[in-house]
Structure formats: C-alpha cells, structure tokens
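Some notes on the structure that comes next.
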2 protein chains.
Amino acid sequence: MTEVDRRVADFESQLKGAGLRMTQQRRLILRVLAEADDHPDAKGIFTRAFALDPTLSLSTVYRTMKVLESQGAIERHAFEDGISRYEHADQEHHDHLIDIDSGEVIEFSSDAIEELQRRIAAELGYDLVRHRLELYGRKKQPARKGGRK
Amino acid sequence: MTEVDRRVADFESQLKGAGLRMTQQRRLILRVLAEADDHPDAKGIFTRAFALDPTLSLSTVYRTMKVLESQGAIERHAFEDGISRYEHADQEHHDHLIDIDSGEVIEFSSDAIEELQRRIAAELGYDLVRHRLELYGRKKQPARKGGRK
DNA sequence: AGCTAGATGAACATCATTTTCATTTGCAGC
DNA sequence: GCTGCAAATGAAAATGATGTTCATCTAGCT
C-alpha cells in the first residue's frame with residue numbers, strides 16, 4: 001500500500017508540474033493500475049475502478065489513460081487483438097511473451113536482444129528510437145516416452 | 001508481370017484445393033498485392049484496385065484479405081497505429097523497421113535475433129510459435145562539425 | 001446452356017476509442 | 001473558509017476500422 005501511495009504522490013507532483021489537476025478519478029485509476037499485476041485494458045480498469053466508485057465513467061478512463069501515458073506514468077501496449085492494454089511505467093524496460101493458450105502475459109528483458117536491435121537498426125542507417133517485441137509461445141511439455149502429449 | 005502471373009496462378013490452385021473460387025475480384029486484389037512494394041492497408045488496396053475496376057467494394061477487400069490470409073497467401077501486420085497492413089507471403093520471413101519521420105517500412109531479417117528469441121522463450125519454459133518485432137528509428141544524420149543538425 | 005453453392009455490393013452492425021457539451025469540481029487567490 | 005474559473009467529468013453521440021446481412025450475381029461443374 002505504501003508503494004501505491006508513493007506512486008500516487010509521484011504522479012500528483014508530475015501533474016502539478018504540467019498544470020493539471022489531481023482528481024478523485026485519477027487517484028482512483030492510478031490506484032487500480034498500481035495494484036494491478038497484469039496488463040488490463042480500458043474496460044478492465046474501468047470495471048475494477050467502478051467497483052470502488054460507481055460514478056466513474058468509461059470515457060474518463062480513456063481520457064485518464066491518455067494523460068497518464070503522456071506524462072510517462074504508464075505504458076500502453078497493443079498485442080495481437082489490437083486492444084490497448086496498460087501497465088504502470090516505473091519499472092525496468094521489458095518485452096512480453098504471450099502464452100497463446102492462456103493469454104497470460106510474461107515479462108522478460110534481454111540486454112543481448114536490445115543490443116542486437118540497436119546494431120541492426122544502425123546497419124540499416126537508423127538510430128533506434130523504440131521497438132516492439134512480442135513473443136507468442138506455448139508452454140513446453142515435459143518430455144515423455146512416445147513424444148509430446 | 002510474369003512474377004505476378006505466377007503468384008496469381010499459384011493462388012488459384014490453392015483456392016481450388018480449398019473448394020473456393022477464383023473470382024475477378026480476387027484476381028484483381030491479388031494482382032494489386034503482387035505489384036505492391038509497400039505495405040498497404042485495406043483502404044489503400046481498395047483504392048488501387050478500384051482504379052482498375054470501379055465495381056469493386058471495400059467489403060470485398062476485407063473479405064478477400066481474410067481468405068488470402070487464411071490460405072497463407074499474404075501476411076497481415078499492425079504497426080503502431082493499429083491498422084492492418086498487408087504484404088504477399090511468398091518471401092523470406094522478415095521483421096520491420098519503421099522510419100518514424102516518413103512512415104517508410106524497411107524489411108530486415110536476422111538469424112541471430114531469431115535464435116535469441118527462441119532461446120529466451122525456452123528459458124521461460126515456452127516453445128516459440130511466432131513473434132512480432134518492429135523497430136522504430138530515425139535516419140542517422142551524417143556526422144558534421146558542431147554535432148547534430 | 002443450366003444449376004447451385006460460393007462470392008459480391010450496399011447498407012447496416014459492431015466495437016474500441018474519441019469527442020461534444022452541459023455540468024461539476026480542483027485549487028489559486030482572497 | 002468562500003469565490004471564480006479553467007480543467008475535468010459523465011452521458012451520449014460521433015468516429016473509424018472492420019465484420020456481417022441479405023438479396024443478387026457468377027464461377028465452374030454437368
């Protein structure tokens with residue numbers, strides 16, 4: 001909870017600096033986001049927040065996500081289904097591996113891959129600004145006689 | 001043109017095998033796709049094809065893209081804007097580097113990165129099924145006195 | 001040439017996301 | 001602690017890509 005409070009406070013000062021307001025709704029959404037350990041979409045965030053304050057509207061969630069994103073407080077990702085999913089940004093850079101069967105999202109990071117990407121871009125005459133890397137995989141089955149299940 | 005004809009013919013036999021028909025519209029769209037050296041979206045394909053046959057409808061483009069994709073004749077990609085873009089599939093696997101300034105899409109491939117991805121997935125206990133890798137970069141400025149422009 | 005299931009075009013449906021607009025509310029200054 | 005006003009909100013309507021319906025058409029077998 002202290003962790004959550006710290007994030008909310010951090011964000012409040014960011015907003016202040018940008019001449020924006022810390023509203024009930026932003027506080028609420030930020031709390032939901034900070035407590036999430038998955039990658040919820042707008043509707044998912046709305047559902048969780050709505051449970052705590054049924055006056056919240058979905059429009060406000062979308063608007064708030066934009067503000068949060070432009071302040072760098074969250075990151076937005078769109079996996080294969082094209083729907084935007086969000087996660088708070090105060091963590092190390094990482095990419096995602098998506099379990100094809102369960103939809104579970106697993107975070108990982110690899111300096112080797114980061115470096116390789118930079119080098120590839122450079123070889124093509126580009127400075128790498130950002131990238132998107134998603135791996136789609138299926139849980140390895142334990143080896144057994146007769147091969148895979 | 002021979003190349004295009006070959007692709008059209010190839011696809012026609014694929015369709016036959018699946019009990020589907022080779023229509024004027026599919027032929028037209030396939031031709032547009034085979035002649036494209038970029039990554040057009042549905043509207044872009046529609047525009048080009050419509051110029052050759054103004055009876056074509058956008059619905060048919062969307063429907064045809066689905067058929068083409070399910071037959072493995074094309075690949076669909078959605079970059080940052082979320083819009084589906086298409087390219088014919090009879091080429092080596094590759095990833096994309098997008099020029100942030102111009103929107104230009106550059107294809108590249110790297111065995112090293114493919115291998116690294118496989119290894120990372122394996123370390124997480126997964127078999128890699130597919131992946132999405134996009135690099136977003138900016139053209140390197142030639143070095144000059146005083147630094148960057 | 002005729003038949004029939006698959007394909008098309010036009011209009012409408014969907015779904016995520018954005019915008020409009022009237023109303024509410026942070027919060028700066030008193 | 002009150003006031004004013006610009007920023008923020010809620011509800012509903014708009015948007016834009018994509019999908020679907022349905023009456024009509026046509027590819028391709030016979």
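Note: hydrogens, waters and symmetry copies are ignored here, and every other heavy atom, side chains too, is used. We name chains A, B, ... by the order of the sequence lines, and we start the count at 1 in each one.
- Distances shorter than 4.0 Å separate some side-chain N or O of B:Tyr62 from OP1 or OP2 on D:dT18.
- Ranked by how close their nearest DNA chain D nucleotide is to the 5' end, A:Ser57 and B:Arg27 are led by A:Ser57.
- Between the CZ atom of B:Phe50 and the P atom of C:dA10 there is a distance of 9 Å, given to the nearest Å.
- As rounded to whole Å, 14 Å separates atom C1' of D:dA17 from atom CE of B:Met65.
- With rounding to whole Å, B:Gln24 atom CD is found 14 Å from C:dA7 atom P.
- The CZ atom of B:Arg63 sits 10 Å away from the P atom of D:dT20 (whole-angstrom rounding).
- C:dT18 atom P lies 13 Å from atom CG of B:Asp81, rounded to whole Å.
- Under 4.0 angstrom from either OP1 or OP2 of C:dG9 there lies at least one side-chain N or O belonging to B:Thr60.
- Of the candidate nucleotides D:dT9, D:dA7, C:dT8, C:dT8 has the atom lying nearest to any side-chain atom of B:Thr23.
- The nearest whole Å value for the distance from the CG atom in A:Asp53 to the P atom in C:dT25 is 11 Å.
- Listed by chain and residue number, A:Glu75, A:Phe79, A:Glu87, A:His96 satisfy the side chain to side chain contact (heavy atoms under 4.5 Å, CB included) test with A:His77 (two or more places apart in sequence, or in another chain).
- Remark: B:Thr55 is not in phosphate contact with C:dT8, judged by side-chain N or O atoms under 4.0 Å from OP1 or OP2.
- The residue among B:Gly82 and A:Gly19 whose nearest nucleotide of DNA chain D is located toward the 5' end is A:Gly19.
- Along DNA chain C, the nucleotide closest to B:Gln25 and the one closest to B:Arg21 are compared, and the more 5′ of them pairs with B:Arg21.
- Checking side-chain atoms of B:Lys139 against main-chain N and O of B:Asp99 turns up no donor-acceptor pair under 3.5 Å.
- When each of C:dT18, D:dT18, D:dA8 is scored by its nearest atom to the side-chain atoms of B:Ser84, the top-ranked nucleotide is D:dT18.
- Residue contacts for A:Ser59: at a heavy-atom cut-off of 4.0 Å it reaches a base atom on one of the strands shown.
- A salt bridge between A:Arg27 and A:Glu12 is present, with a side-chain N of the basic residue lying under 4.0 Å from a carboxylate O of the acidic one.
- Straight-line distance from the CG atom of A:Leu58 to the P atom of C:dT19: 14 Å, rounded to whole Å.
- When distances run from any side-chain atom of A:Ile83 to the nucleotides C:dT18, D:dT18, C:dT17, the shortest one goes to C:dT17.
- Here the rule is side chain to side chain donor-acceptor pair (under 3.5 Å) with B:Glu134, and of A:Arg132, A:His131, A:Arg130 only A:Arg132 fits it.
- By the 4.0 Å N-to-carboxylate-O rule, A:Glu69 lies too far from A:Lys66 to be salt-bridged with it.
- Side chain of B:Lys16, nearest nucleotide from C:dG9, D:dT18, D:dC29: D:dC29.
- Contacts of A:Arg26 with the nucleic acid, taken as non-hydrogen atoms under 4.0 Å apart, involve only primed sugar atoms and P, OP1 or OP2.
- B:Phe46 places its CZ atom 11 Å from the C1' atom of C:dA10, with the value rounded to the nearest Å.
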